[in-house]
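By convention in this document, chain letters (A, B, ...) are assigned in the order of the sequence lines, proteins followed by strands, and residues within each chain are numbered from 1.
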There are 2 protein chains.
Amino acid sequence: MVEIPERPDPASSAPPAVPTSADVARLAGVSRATVSYVLNNAGAVRISEPTRRRVRAAAEELGYVPHAAARSLRAGHSRMVLMPAPNVPVGPLYGQFINELQWALSRLDYTVVQYAGMGLHGDEAARAWAELRPVAVIVPGGGLGPTGVRILKRSGTRAVVTLGPERVEGAHALVMDHYGVGHGAGAHLLARGRRRIGVVIPQEPGLEYFSRPRLEGVRCALEDTGAAVTELPLAYEEEAAARIARRWRSLGLDAVFAYNDEYAMLLMRALQDDGVMIPEETAVIGADDLLLGRLLRPRLSTVHIELPSGRFLAELVDRVVRDPGGVPEAHKVLGARVVHRESS
Amino acid sequence: MVEIPERPDPASSAPPAVPTSADVARLAGVSRATVSYVLNNAGAVRISEPTRRRVRAAAEELGYVPHAAARSLRAGHSRMVLMPAPNVPVGPLYGQFINELQWALSRLDYTVVQYAGMGLHGDEAARAWAELRPVAVIVPGGGLGPTGVRILKRSGTRAVVTLGPERVEGAHALVMDHYGVGHGAGAHLLARGRRRIGVVIPQEPGLEYFSRPRLEGVRCALEDTGAAVTELPLAYEEEAAARIARRWRSLGLDAVFAYNDEYAMLLMRALQDDGVMIPEETAVIGADDLLLGRLLRPRLSTVHIELPSGRFLAELVDRVVRDPGGVPEAHKVLGARVVHRESS
DNA sequence: TTGAAAGCGGTACCAG
DNA sequence: CTGGTACCGCTTTCAA
């Protein structure tokens, strides 16, 4: 006896209602409880094989898909890991890291979600994230303060991990301080006998979190050495580079740390077009160790950056989720190593 | 009279429970209904100012954050727009497009979420997405078939938009066919008098969706012209490029379409290192019109690709969400225009 | 102006 | 082995 579904659902204009487990139960002639047991392969309860088949068939026929919100509401928790979506195009290095991370978390059976809250800042954003009741939140780039962490924890988030340049009170941290990148570059140029060093500061918004620490690193490496640092604001456009190149000789620099390999390529091309000899007249070093640097002539010296493996972070998250009580860990995870080629 | 909260919550080991609207109500000495009215600025109901203040203060004190799942469960719908997270590092062009899109959707008050379902394929993935009951789903790159669309629609998704190379039954589509990119490149090389044309096929997985149509486009442009196409599999590594360059002369090609500007740079460098004159001996053209192409010597010819604006797609989504009944639209949105520089 | 109560879709306990 | 039922947190009539 298959009862006719209660919902009237005339084939008129209204779209057919979304099937619920109750609909499946009705069609299979069983109770909602049974449907739940069958579809979740509940081990504690034994359901007869014929019943199981009827339920599965009914679910299939209706195109039933469970409702995640209802499920996690009842369960009191979800396995969602939330990270804010980057609001600026991201390089291959970091992109690769994110992918690894997502993959590793997926393997640990988490649902990874990048949340695009493009208008929100600070605690506003934290509140928006908290509304989704994620079990863990991973925040790159210093977009979260201690209050934000508290908001999240208060809403049941079991693991909050920041990736910024410095730790945040209450949160676990993968400290990725780009200071070391600049320091490496500065020390290298110094060792090569350079004394008047330019540092490119990208004008693109959203890069300050990286460029400032890198600059600071260079500064620090040159402290008390008689060498001097000159900031070189540079937009990622041919014309901007040409303008700098034109007044290059008046700047009197004998070396430049170009923020990364892409800006290095941009600037190096402009300098070469103006007849500046590299590395004789000016040494150039980039960062990120992209393939493109090896393709330049002279081959570009660079600072190779070692990001942590996605698996490492995924395992940290998993560990903290399982035991949220522990004292926040902080790992310094950004390796920087100078790769000397021909441009310096 | 402020009652003591019911939940015992001893300051022992158990983490403090997440505050609910009931907790706020208790603390403020009102009912849950009133809390809801106040926090949602319900216009239909007038609540006295003192009450509002008490409620807000209580919410503040408890660090109350509403529970999105519960809310949308009750409401019967959400404003979540879901898109699968790319599982391969994405170029600046496409990255920019995604950002614009997210921004535009945010402005229209949607919650944009990139879902990383790294193990799932086809209908599996569609089911996983459907569990979240998004109001709209945007799927790039052909990762969704007609069945998948039906699963989503059946689960209440009001708008399904694909970005792939071809339409999908039942879904709206932004047809981004890279065929035209290849066609433009092929026609250009032909017009420049080239007859034996190589086409780079990247070996990196995940790029087939782009490289195949581009190849097809070249083929089609050369149809019945006496010109011939040679496929050149190429991994994005210096050594792979060097291998191709070494046997270049034996290939007898007078032109190459290098898939995009990055592969073009890689190959061009290898060819130049082997003494192949560009463009005299071999013409090279890339695609994407990246800045780096303009920095090469000779300057790289390229195919400029015009993606639709994020706003356009956002408005399409919004329109369809408001009126899901309409017949699926299909827009051809990928403009391709050859930019002739010096390498061809 | 405020409160009581129903119900969104699932899950899991307890009876039968 | 299966059904009844309470409940997760929130919104929204309906009454008072």
Query raised in the report: Touch check for A:V35, heavy atoms < 4.0 angstrom, all strands: base, sugar-phosphate only, or nothing?
Result: nothing
**Report entry** Main-chain N/O of B:L108 paired to B:R79 side chain as donor or acceptor, under 3.5 Å
**Finding:** yes
Report summary line: Rounded to whole Å, CG of A:D23 lies from P of C:dG9 at a distance of 9 Å
Report task. To the nearest Å, give me how far apart CZ (A:R26) and C1' (C:dG9) are. Result -> 12 Å
Query raised in the report: Think A:S31 has a side-chain N or O under 4.0 angstrom from the OP1 or OP2 of D:dG3?
Result: yes
Report summary line: side chain to side chain contact (heavy atoms under 4.5 Å, CB included) test vs A:M83 passes for just one of A:L105, A:I98, A:V113, namely A:I98
**Report entry** d(CG, B:L73; C1', C:dG9) in whole Å
**Finding:** 5 Å
Requested in this report: Any chance you could lay out the salt bridge (charged side-chain N to carboxylate O under 4.0 Å, His left out) test for A:R322 and A:D318, step after step, and finish with the verdict?
Outcome: CA-CA 6 Å; A:R322 299 166 108 99; A:D318 187 48; 2.9 Å; yes
Query raised in the report: Are B:P86 and B:Q114 side-chain neighbours, meaning at least one heavy-atom pair lies under 4.5 Å?
Result: yes
Report task. Would you mind building the protein contact string for nucleotides 11-16 of chain D? One character per nucleotide, 5' to 3', B for base within reach (heavy atoms under 4.0 Å), S for sugar-phosphate only, - for untouched. Result -> BBB---
Query - Rounded interatomic separation in angstrom, taking CD1 from A:I47 and P from C:dT11 - result: 13 Å
Requested in this report: Indicate yes or no: does A:R319 engage A:D323 in a salt bridge with an N to O separation below 4.0 Å.
Outcome: no
Report task. Mind running a 4.0 Å heavy-atom check of residues 49-57 of chain A against DNA chain C and sending the residues that fall below it, in number order? Result -> none
Report summary line: From the list B:N40, B:T34, B:V35, side chain to side chain contact (heavy atoms under 4.5 Å, CB included) with B:V38 holds only for B:T34
Query raised in the report: Are A:R311 and A:E315 ion-paired here, with the side-chain N under 4.0 Å from a carboxylate O?
Result: yes
Report task. Assign B:V24 to base, sugar-phosphate, or nothing according to its heavy-atom contacts below 4.0 angstrom with the strands shown. Result -> nothing
Report summary line: Correct closest heavy-atom pair for B:I151 and B:A130 would be CG2-CB, 4.3 Å
**Report entry** Closest non-hydrogen atom pair between B:V135 and B:S78, with its separation
**Finding:** CB-O, 3.5 Å
Requested in this report: In whole angstrom, give the distance that lies between atom CG of A:N41 and atom P of C:dA12.
Outcome: 13 Å
